[in-house]
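Read through the structure below, which is laid out as structure tokens, and then see the notes.
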2 protein chains.
Amino acid sequence: MQDISALLQNSALKITPQRLTILSIIRKYGHIAIDELYEQIRSVYPTISLATVYKNINALQDANIIAQIHPQMQKPKFELKKQQHGHFICKVCQSVYDFKLQNICSPNLDIIDDIEEKEVYLYGVCKKCKGE
Amino acid sequence: MQDISALLQNSALKITPQRLTILSIIRKYGHIAIDELYEQIRSVYPTISLATVYKNINALQDANIIAQIHPQMQKPKFELKKQQHGHFICKVCQSVYDFKLQNICSPNLDIIDDIEEKEVYLYGVCKKCKGE
DNA sequence: GTCCATGCAAACGATTTGCATGCGT
DNA sequence: ACGCATGCAAATCGTTTGCATGGAC
């Protein structure tokens, strides 16, 4: 379990209770959309402004502490930044699961010089939903 | 080269000059954002409304004639729907190249029952930009 | 004490909607 | 002739900005 304060300490960002709460909610949920995040944080800080949430997710992205994913048919979601991985999205329950990215296709496209980053989304039905 | 009228004939959508033009522009550019599409179609139909362009891309997506891609750091772009493929995005010139998706990683994640769709974006610098 | 963060309201941009008219079938 | 498509304007939604106050360092 990563230490959330340390993430902020190693950045230029100040440690505020709002930021700590935002990060702990993201960690708890794994992947969360902005409106769910806002809803969750309001149960802790009822007076927090949506603008503050937006400013913080932008600052945290710039500081490379969180990352944004864009699954098809879903609102963008945020996650704590970690090593490269892919996402499996269940079409039924909409859950997002991380998985290790290994030997992704090496496309033989002569325009490609070299590949620096990979972004992979797989879509299907998870076992939990299939089993019902 | 696919026949654009046929795409519309096989759908419930009416064949209008605006739709044909939208589709031919998408085909010509391969991948195009909505504002570029609007700009291009205005050079043919100067009176077309942006609302019409939006209504049409929504209708064409629902009819499975076009698809939307979401490369990181770029506006969403549209392409004609075709068999499954990945996208390589040049970080310098922002160009999008299609490539054939073959033996993508089989993640050993026990929550996955089976995979129905794959969405892959690779990011790097294309040879054209590297060579300069 | 300084500077950044917060919270509110207003502004903004992108997309959608309602409605009257036009066009494809 | 009917019903969907178009084009305009207005409405809406998500996100950003400006600014005064508060809090972290």
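Below, read A as the first sequence line, B as the second, and so on, with proteins coming before strands; counting in each chain starts at 1. Please read all numbers here as calculations on a predicted model, not as lab measurements.
B:Y123 has its side chain out of reach of A:E116: every pair of non-hydrogen atoms, C-beta onward, lies at least 4.5 Å apart. Using a 4.5 Å heavy-atom cutoff, the side chains of B:E79 and B:D98 are in contact.
The stretch residues 6-23 of chain B comes close to DNA chain D through B:L13, B:K14, B:T16, B:Q18, B:R19, each having a heavy atom under 4.0 Å from the strand.
Within the 4.0 angstrom heavy-atom criterion, no nucleotide atom of any strand lies near B:D35.
Legend: residues meeting ring pair (Phe, Tyr, Trp, His ring centres under 6.0 Å) with A:H31, ordered by chain and number and at least two apart, are A:H87. With sequence neighbours excluded, the residues that form a side-chain hydrogen bond (donor to acceptor under 3.5 Å, both in side chains) with B:Y121 are B:E119.
Residue pairs meeting the side chain to side chain donor-acceptor pair (under 3.5 Å) criterion with at least one member in residues 55-69 of chain B, sequence neighbours excluded: B:R19-B:N56, B:Q61-B:Q68, B:N64-B:K81. Evaluation of the side chain to side chain donor-acceptor pair (under 3.5 Å) test over residues 37-52 of chain A, restricted to residues two or more places apart or in two chains, returns A:Y29-A:Q40.
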Could you go through nucleotides 8-13 of chain D and list every protein N or O atom that sits under 3.5 Å from one of its N or O atoms, giving the distance for each pair?
from: D:dC8; atom 1: OP2; to: B:T47; atom 2: O; distance (Å): 3.2

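For A:L50 and D:dT17, the CG to P distance is 14 Å, given to the nearest whole Å. The interatomic distance linking A:I57 (CD1) with D:dT16 (C1') rounds to 11 Å, in whole Å. One atom, OH of A:Y38, and another, P of D:dG14, lie 13 Å apart when rounded to the nearest Å.
Placement of A:L7 and A:L60 within a single hydrophobic cluster is found when ILVMFWY residues are connected by side-chain heavy-atom separations under 4.5 Å, directly or transitively.
In this structure, the separation between NZ on A:K75 and CD1 on A:I32 is 10.5 Å, given to the nearest 0.5 Å.
Within the 4.0 Å cut-off from OP1 or OP2 of C:dT6, at least one side-chain nitrogen or oxygen of A:N56 is found.
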